[in-house]
Amino acid sequence: MSDRATRVLVLNSGSSSVKYQLLDMRDSSRLASGLVEHIGEPDGAADHDAALKTVADELKRDGLGLDSEELAAIGHRVVHGGLTFTEPTLIDDTVLAEIESLVPLAPLHNPANLTGIRTARSLRPDLPQVAVFDTAFHTTMPESAARYAIDVETADAHRIRRYGFHGTSHAYVSRKSAELLGREPSEVNIIVLHLGNGASASAVAGGRCVDTSMGLTPLEGLVMGTRSGDIDPAVVFHLGRVAGMSLDEVDELLNKKSGLTGLCGANDMREILRRRDEGDGAARLAFEIYIHRLKKYIGAYIAVLGRVDALVFTAGVGENAAPVREAAVAGLEGLGLAVDAERNAVRSGLPRVISPDGARVTVAVVPTDEELEIAQQTYRLIDEDRKNSKNSKNSKTGTTGATGAA
Ligand code: AMP
């Protein structure tokens, strides 16, 4: 890698797709992006190896080949970092083995992430590769928020606790929100509502996550596109004992056939809003249940934080669905929350305030950008590494660098 290399390739290797973006960190511009889908299906790439080779070919076609001297690093999204990984981490064999040991906690995601890393390393063994974990931002949660009230020995033996997900998005959006408020992240308390197909809320105090709605897996918390979110765990026993369902069937029911899909047959908020407006009762009820749960989390996180400076909406639904934002905040004036109808109706890709002037709590929309956050975290890490190795070289030759002088 050249010392002047400023490009970062971000890879998000999912179970059946690989998403990529190539960014230039001098100005955070996007040089290329794409998606290879249907991995393992007849109409798609045979496996992750083949998918990544397609990514490499697409980049090459655009004159941005993986062999470029300008490429500084590859940043990988890794879903589960357990309690081990609290920060972006330079990947070596030990780190790979650690990620592997977390597979039981994320059996669908971590294996795909690992395959992506291994293939990328084989394509460019000389290049730094960095893992950025979806759980990392939440590792600051206090034990009171992270522990389930179950037998401690059982919990510890099986690493059962609340990890939280979407951390890259919550980190990025909470920092951007502080910027929007014109304050330092350390000075403000923020509730972030990441409402996409998957959805999660987080309470961020002074830049650190103190609670989040997803738990051991992304199933806990808000009503989502196809996931139930919070549910009495006894529903699982009941379905087993009374309905004769297997654990795998219940898993599938709660993860894939519940949430908005289970309630009204659609997981796309646009369709639900349209059907609701046409008088469809199931769509109306699905919307009301979705909003009711959201409100409960807003109230809970106001209580967790004690004082809230901003309530921020992000991701596909949060950024685009004005009726969801309006309904989520309706009736919460007593808690200092309100939305200005005109501001809420504005469509924009920029961070924006939607509460009225002088409101006690700023309500805002802040578009998320997980790829940019992964690229920035990756670049910061390798840039520090470059500086450190330069300093240690300087100190060896007697020239004083920052570290050498200390
Ligand atoms: P994400 O997972 O962040 O990509 O969000 C995807 C979801 O955003 C989709 O399933 C839609 O429900 C929702 N979405 C996208 N655009 C709109 C829109 N204009 N209005 C309402 N919902 C939208």
Side-chain angles (χ1 to χ4, degrees), residues 10 12-21 30 33-35 37 77 79 108-109 134 137 164-174 176-177 192-202 212-214 217-219 221-229 255-278 280 282-291 293-294 312-329 339 341 343-352 354 364-374:
V10 176
N12 182 350
S13 311
S15 51
S16 66
S17 70
V18 174
K19 272 192 253 176
Y20 70 92
Q21 279 194 14
R30 241 153 277 244
S33 65
L35 170 69
E37 283 182 294
R77 175 187 184 219
V79 167
L108 289 180
H109 294 105
D134 240 23
F137 184 62
F165 298 88
H166 291 146
T168 314
S169 176
H170 287 285
Y172 177 83
V173 170
S174 55
K176 279 270 158 196
S177 304
V192 178
L193 302 173
H194 176 112
L195 310 177
N197 200 21
S200 63
S202 69
T212 193
S213 60
M214 284 177 167
T217 77
L219 183 55
L222 300 172
V223 175
M224 310 182 212
T226 64
R227 298 190 197 118
S228 62
N255 272 298
K256 306 247 171 78
K257 299 181 186 161
S258 296
L260 295 169
T261 295
L263 289 166
C264 73
N267 70 347
D268 192 316
M269 190 53 81
R270 285 164 287 204
E271 181 179 343
I272 291 165
L273 291 170
R274 181 178 51 74
R275 279 172 45 191
R276 178 196 68 155
D277 294 343
E278 288 166 4
D280 179 329
R284 195 194 68 235
L285 184 58
F287 181 80
E288 286 171 358
I289 294 170
Y290 183 94
I291 296 295
R293 184 81 51 85
L294 205 49
V312 184
F313 291 88
T314 194
V317 176
E319 290 166 30
N320 296 299
V324 168
R325 298 192 296 255
E326 182 192 338
V329 171
V339 158
R343 289 180 179 175
N344 190 33
V346 172
R347 298 192 59 87
S348 156
L350 297 173
R352 56 203 185 271
I354 58 169
V365 180
V366 175
T368 191
D369 195 336
E370 290 171 271
E371 285 77 17
L372 177 59
E373 177 70 16
I374 292 172

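All values below come from the heavy atoms of this structure, side chains included, with hydrogens, waters and symmetry mates left out. Start at 1 and go down the list; that is how both ligands and their atoms are numbered.
Using a heavy-atom distance under 4.0 Å as the criterion, the protein contacts of ligand 1 are Gly196, Asn197, Asn267, Asp268, Met269, Arg270, Ala315, Gly316, Val317, Asn320, Ala321, Arg347.
Screening Asp369, Val192, Thr168, Val365 for a side chain to side chain contact (heavy atoms under 4.5 Å, CB included) with Val173, the sole residue that qualifies is Val192. The side chain to side chain donor-acceptor pair (under 3.5 Å) with Thr314 is formed by just one residue from the set His194, Glu319, His170; it is Glu319.
No side-chain donor-acceptor contact under 3.5 Å links Asn344 to the backbone of Ile354. The backbone N or O of Gly259 sits nowhere less than 3.5 Å from a side-chain atom of Thr226 that would complete a donor-acceptor pair.
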Practice item. Under the side-chain contact (heavy atoms from CB on, under 4.5 Å) rule, what do Arg30 and Leu372 come out as? Steps first, then yes or no, please. Key: CA-CA 9 Å; Arg30 241 153 277 244; Leu372 177 59; 4.2 Å; yes
**Study point:** Residues Cys264, Asp280; criterion side-chain contact (heavy atoms from CB on, under 4.5 Å); working and verdict
**Key:** CA-CA 9 Å; Cys264 73; Asp280 179 329; 5.7 Å; no
